[in-house]
K.L.:
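Mind looking over this structure? Questions follow.
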Amino acid sequence: MQAIGGEKANCLNEILNSFDDSNDELKTFGNSPYYEIEGIENILLPYKDTFTVVSINIQSLKAKFDHLTAFLSLLDSHEFSFSAISIQETWLTQNEDTSLLEIPGYQLIHKGKKCSEHGGVAIYLRDDFSYKILDVCENSTLWDGLFLEITRDSVAEKITLGNIYRPPKYNNCNTTIENFMNEIKPLIIQLENTPNHTVISGDFNINLLDINHRQKFQDYFDFFTTRGFYPKIVLPTRLSKKRGTLIDQIFVKYKGSLGNTISGIIHTS
């Protein structure tokens with residue numbers, strides 16, 4: 001991280017606080033520290049009885065399925081399992097046979113790729129939850145999305161879980177971002193007005209660390225935050241020798257204090 005400018009230069013909170021007209025509310029976004037897979041169960045175990053989500057851009061679910069199940073088996077051996085696993089870039093078609101991609105203890109819900117050959121989204125939802133698929137973005141060719149309304153017998157409150165993949169078409173030009181925003185705005189406004197807790201995760205291919213350089217990125221970020229959807233990931237999710245990017249995001253609209261939610265980034269090759 002130091003080679004690309006250090007954590008301060010690559011932290012969304014620090015970038016927001018550097019704005020002359022920054023809103024004090026923006027300073028309340030929590031940290032999202034990095035965790036190694038080794039020992040991650042010690043971090044997660046205290047939250048085994050809460051709703052937990054992991055979001056992964058897998059770049060072919062079939063190719064990486066063994067890696068995914070090995071990770072989940074490690075956690076299971078310590079008696080922890082995520083409530084939901086959101087997967088982007090499954091590369092699956094809508095009518096694909098997914099029988100070999102089932103995971104014991106989970107229900108697999110997926111939507112085939114439409115926005116690109118590397119699209120496709122899926123959610124593994126633990127068996128002790130029930131769900132209803134929300135009818136959104138069915139005809140979009142700009143992004144793939146899967147939204148569930150989740151319930152549990154022992155819990156009165158509902159949770160809306162969204163999973164989004166947006167490819168960086170046409171070099172992420174302003175027009176493609178504006179078209180994406182025009183499609184997603186009605187959905188976000190609809191979710192803003194529901195009483196549910198809402199979690200939206202995914203690979204948006206919009207680098208939040210560049211919001212002070214790209215006005216369209218700033219507009220995108222402002223649209224979410226002004227409607228109560230706050231970012232839970234504030235550090236780069238992808239690192240190279242020359243730069244870090246924050247294109248994998250989790251936005252949360254929580255009816256209680258956001259301080260009651262925690263987040264982090266699992267570091268893995």
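FYI, the numbering just counts along the sequence from 1. Nothing here was measured: the structure is a model prediction, and the numbers come from that model.
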K.L.:
For F223, does its backbone N or O pair with a side-chain atom of K185 as donor and acceptor, under 3.5 Å?
P.N.:
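The answer is no, because no donor-acceptor pair under 3.5 Å joins these two groups.
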K.L.:
Which value, rounded to the nearest 0.5 Å, describes the distance between L74 atom CG and F80 atom CZ?
P.N.:
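Answer for the CG-CZ pair, L74 versus F80, is 11.5 Å.
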K.L.:
Would you name the heavy atoms of L108 and A122 that are closest together and state the gap between them?
P.N.:
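Heavy atoms only, the tightest pair is CD1-CB, 4.0 Å.
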K.L.:
Got M181 and I206 here, is their nearest side-chain heavy-atom distance under 4.5 Å?
P.N.:
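Counting from C-beta outward, M181 and I206 never come under 4.5 Å.
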K.L.:
Measure the spacing between NZ of K253 and NE2 of H197 and express it to the nearest 0.5 Å.
P.N.:
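Reported value, rounded in 0.5 Å steps: 8.5 Å.
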K.L.:
Counting distance only, does the side-chain N/O of N17 pair as donor-acceptor with the main-chain N or O of N13 below 3.5 Å?
P.N.:
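At least one qualifying donor-acceptor pair exists.
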K.L.:
Show every side-chain hydrogen bond (donor to acceptor under 3.5 Å, both in side chains) that has at least one partner inside residues 186-196, sequence neighbours left out.
P.N.:
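Of all non-adjacent pairs touching residues 186-196, those that pass side-chain hydrogen bond (donor to acceptor under 3.5 Å, both in side chains) are E149-N196, T160-N196.
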K.L.:
Within the 4.5 Å heavy-atom criterion, are L12 and F221 side-chain neighbours or not?
P.N.:
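Side chain of L12 against side chain of F221, heavy atoms only: contact under 4.5 Å found.
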K.L.:
Tell me whether D144 is salt-bridged to K113, with the criterion being a basic N under 4.0 Å from an acidic carboxylate O.
P.N.:
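Salt bridge flag = no for K113 with D144.
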K.L.:
Contact between F71 and I266 at the side-chain level, heavy atoms closer than 4.5 Å - yes or no?
P.N.:
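Yes; the side chains approach each other to less than 4.5 Å.
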K.L.:
Please round to the nearest 0.5 Å and tell me the distance separating atom CG of L75 and atom OG of S81.
P.N.:
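L75 CG to S81 OG: 8.5 Å, rounded to 0.5 Å.
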K.L.:
Decide whether N174 and R214 meet the rule of one side-chain donor and one side-chain acceptor closer than 3.5 Å.
P.N.:
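On atom types as modelled, these side chains qualify, holding a pair under 3.5 Å.
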K.L.:
Distance alone, cut at 3.5 Å: any donor-acceptor contact between the side chains of N179 and E183?
P.N.:
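No, E183 and N179 have no side-chain donor paired with an acceptor closer than 3.5 Å.
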K.L.:
Apply side chain to side chain donor-acceptor pair (under 3.5 Å) to N57 and Q88, showing your working.
P.N.:
CA-CA 5 Å; N57 180 308; Q88 304 92 43; 4.9 Å; no
K.L.:
Do you know which of T175, T176, I177, N172 makes side-chain contact (heavy atoms from CB on, under 4.5 Å) with K216?
P.N.:
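Between K216 and the candidates, side-chain contact (heavy atoms from CB on, under 4.5 Å) is satisfied uniquely by I177.
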K.L.:
Would you be so kind as to tabulate the donor-acceptor pairs closer than 3.5 Å made by side chains of residues 58-70, with sequence neighbours excluded?
P.N.:
{"from": "S60", "atom 1": "OG", "to": "A63", "atom 2": "N", "distance (Å)": "3.2"}
{"from": "K62", "atom 1": "NZ", "to": "E96", "atom 2": "OE2", "distance (Å)": "2.5"}
{"from": "K64", "atom 1": "NZ", "to": "I58", "atom 2": "O", "distance (Å)": "3.0"}
{"from": "K64", "atom 1": "NZ", "to": "Q59", "atom 2": "O", "distance (Å)": "3.2"}
{"from": "T69", "atom 1": "OG1", "to": "F65", "atom 2": "O", "distance (Å)": "3.1"}
{"from": "T69", "atom 1": "OG1", "to": "D66", "atom 2": "O", "distance (Å)": "3.1"}

K.L.:
If you count the non-hydrogen atoms of other residues, nucleotides and ligands that lie under 6.0 Å from CD in Q94, is the total more than 12?
P.N.:
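Yes, CD of Q94 has more than 12 neighbouring heavy atoms, counting only those of other groups under 6.0 Å.
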K.L.:
Are side-chain heavy atoms of Y165 and N205 found at a separation under 4.5 Å?
P.N.:
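Side-chain contact under 4.5 Å: yes.
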K.L.:
Are I133 and I188 connected, step by step, through hydrophobic side chains (Ile, Leu, Val, Met, Phe, Trp, Tyr) whose heavy atoms are closer than 4.5 Å?
P.N.:
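In one cluster: yes.
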K.L.:
Applying a strict under-4.5 Å side-chain criterion to I, L, V, M, F, W and Y, I'd like to know whether L134 and V53 cluster together.
P.N.:
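In one cluster with L134: V53, yes.
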K.L.:
Measuring from I123:CD1 to S55:OG, what's the distance to the nearest 0.5 Å?
P.N.:
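Rounded to the nearest 0.5 Å, the CD1-OG separation comes out at 9.5 Å.
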K.L.:
Compare all side-chain heavy atoms of V121 with those of S86 and state whether any distance is below 4.5 angstrom.
P.N.:
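Not touching, per the 4.5 Å side-chain cut-off.
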K.L.:
For the side chain of K232 and the backbone of T261, is there at least one donor-acceptor N/O pair under 3.5 Å apart?
P.N.:
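Between the backbone of T261 and the side chain of K232 there is a qualifying donor-acceptor contact (under 3.5 Å).
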K.L.:
Which heavy atom in L92 sits nearest to a heavy atom in L101, and how many Å separate them?
P.N.:
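Looking at all heavy atoms of both residues, the shortest contact is CD1-CD1, 3.9 Å.
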K.L.:
Keeping the roles fixed (side chain from S32, backbone from I265), state whether a donor-acceptor pair exists under 3.5 Å.
P.N.:
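Such a contact is absent between S32 side chain and I265 backbone.
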K.L.:
Would R166 count as a cation-pi partner of F204, with NZ or CZ less than 6.0 Å from the six-membered ring centre and within 45° of the ring normal?
P.N.:
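R166 over F204 ring: no.
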K.L.:
How many angstroms lie between atom CD1 of I164 and atom OG of S140, to the nearest 0.5 angstrom?
P.N.:
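Going from the CD1 atom of I164 to the OG atom of S140 covers 10.0 Å.
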K.L.:
Does Q215 form a side chain to side chain donor-acceptor pair (under 3.5 Å) with D219? I'd like the steps, not just the answer.
P.N.:
CA-CA 6 Å; Q215 183 60 47; D219 294 343; 2.8 Å; yes
K.L.:
Minimum heavy-atom separation for C11 to L209, with atom names?
P.N.:
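Closest approach of C11 to L209, heavy atoms only: C-CD2, 4.2 Å.
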K.L.:
Return yes when atom NZ of K158 has more than 12 non-hydrogen atoms of other residues, nucleotides or ligands closer than 6.0 Å, and no otherwise.
P.N.:
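It does not: K158 NZ has 12 such atoms or fewer within range.
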K.L.:
Counting heavy atoms not belonging to D153, are there more than 12 under 6.0 Å from its CG?
P.N.:
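Atom CG in D153 is not crowded, with 12 or fewer foreign heavy atoms closer than 6.0 Å.
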K.L.:
Does D127 reach the side chain of Q107, with side-chain heavy atoms less than 4.5 Å apart?
P.N.:
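Side chain of D127 against side chain of Q107, heavy atoms only: contact under 4.5 Å found.
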K.L.:
Would you mind reporting whether Y106 and F82 have side-chain heavy atoms less than 4.5 Å apart?
P.N.:
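Heavy-atom side-chain distance check passes, below 4.5 Å.
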K.L.:
Look at K48 together with E41 and state whether they make a salt bridge at an N to O cut-off of under 4.0 Å.
P.N.:
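Judged by the 4.0 Å cut-off on N to carboxylate O distance, K48 and E41 do not form a salt bridge.
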K.L.:
Should the pair F251 and Y220 be assigned to parallel (<30°), tilted (30 to 60°) or perpendicular (>60°) ring geometry?
P.N.:
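The arrangement is perpendicular - the two ring planes meet at more than 60°.
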K.L.:
For I87 and N163, work out which heavy atoms get closest and say how close.
P.N.:
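So the minimum-distance heavy-atom pair works out to O-ND2, 2.9 Å.
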K.L.:
With the 4.5 Å side-chain cut-off for hydrophobic clustering, are L187 and I109 part of the same group?
P.N.:
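Yes; I109 is reachable from L187 via cluster members.
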K.L.:
Is I40 linked to F51 within one hydrophobic cluster, defined over Ile, Leu, Val, Met, Phe, Trp and Tyr using a side-chain heavy-atom separation of less than 4.5 Å?
P.N.:
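Looking at the clustering, F51 is in a separate group from I40.
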K.L.:
Indicate yes or no for a side-chain donor-acceptor contact from Q249 to the backbone of G202 under 3.5 Å, with no hydrogens or angles considered.
P.N.:
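Checking the backbone N and O of G202 against the side chain of Q249, no donor-acceptor pair under 3.5 Å is found.
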K.L.:
So, for S83 and T50, which heavy atoms are closest and what is the spacing to 0.1 Å?
P.N.:
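Result for this residue pair: OG-O, 3.5 Å.
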K.L.:
Kindly compute the distance separating CG (L235) from CG (N10), expressed to the nearest 0.5 Å.
P.N.:
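Interatomic distance, L235 CG to N10 CG, rounded to 0.5 Å: 8.0 Å.
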K.L.:
Grouping I, L, V, M, F, W and Y whenever their side-chain heavy atoms are under 4.5 Å apart, do Y124 and F147 come out in a common cluster?
P.N.:
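Y124 does not cluster with F147.
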K.L.:
Below 4.5 Å, heavy atoms only, C-beta onward: do F217 and I211 meet side chain to side chain?
P.N.:
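They are in side-chain contact.
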K.L.:
Check G244 against L239 and note the closest heavy-atom contact, atom names and distance.
P.N.:
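Closest approach of G244 to L239: CA-CD2, 3.9 Å.
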K.L.:
Around E138, counting heavy atoms of other residues, nucleotides and ligands shown, do more than 12 lie under 6.0 Å from its CD?
P.N.:
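Yes, CD of E138 has more than 12 neighbouring heavy atoms, counting only those of other groups under 6.0 Å.
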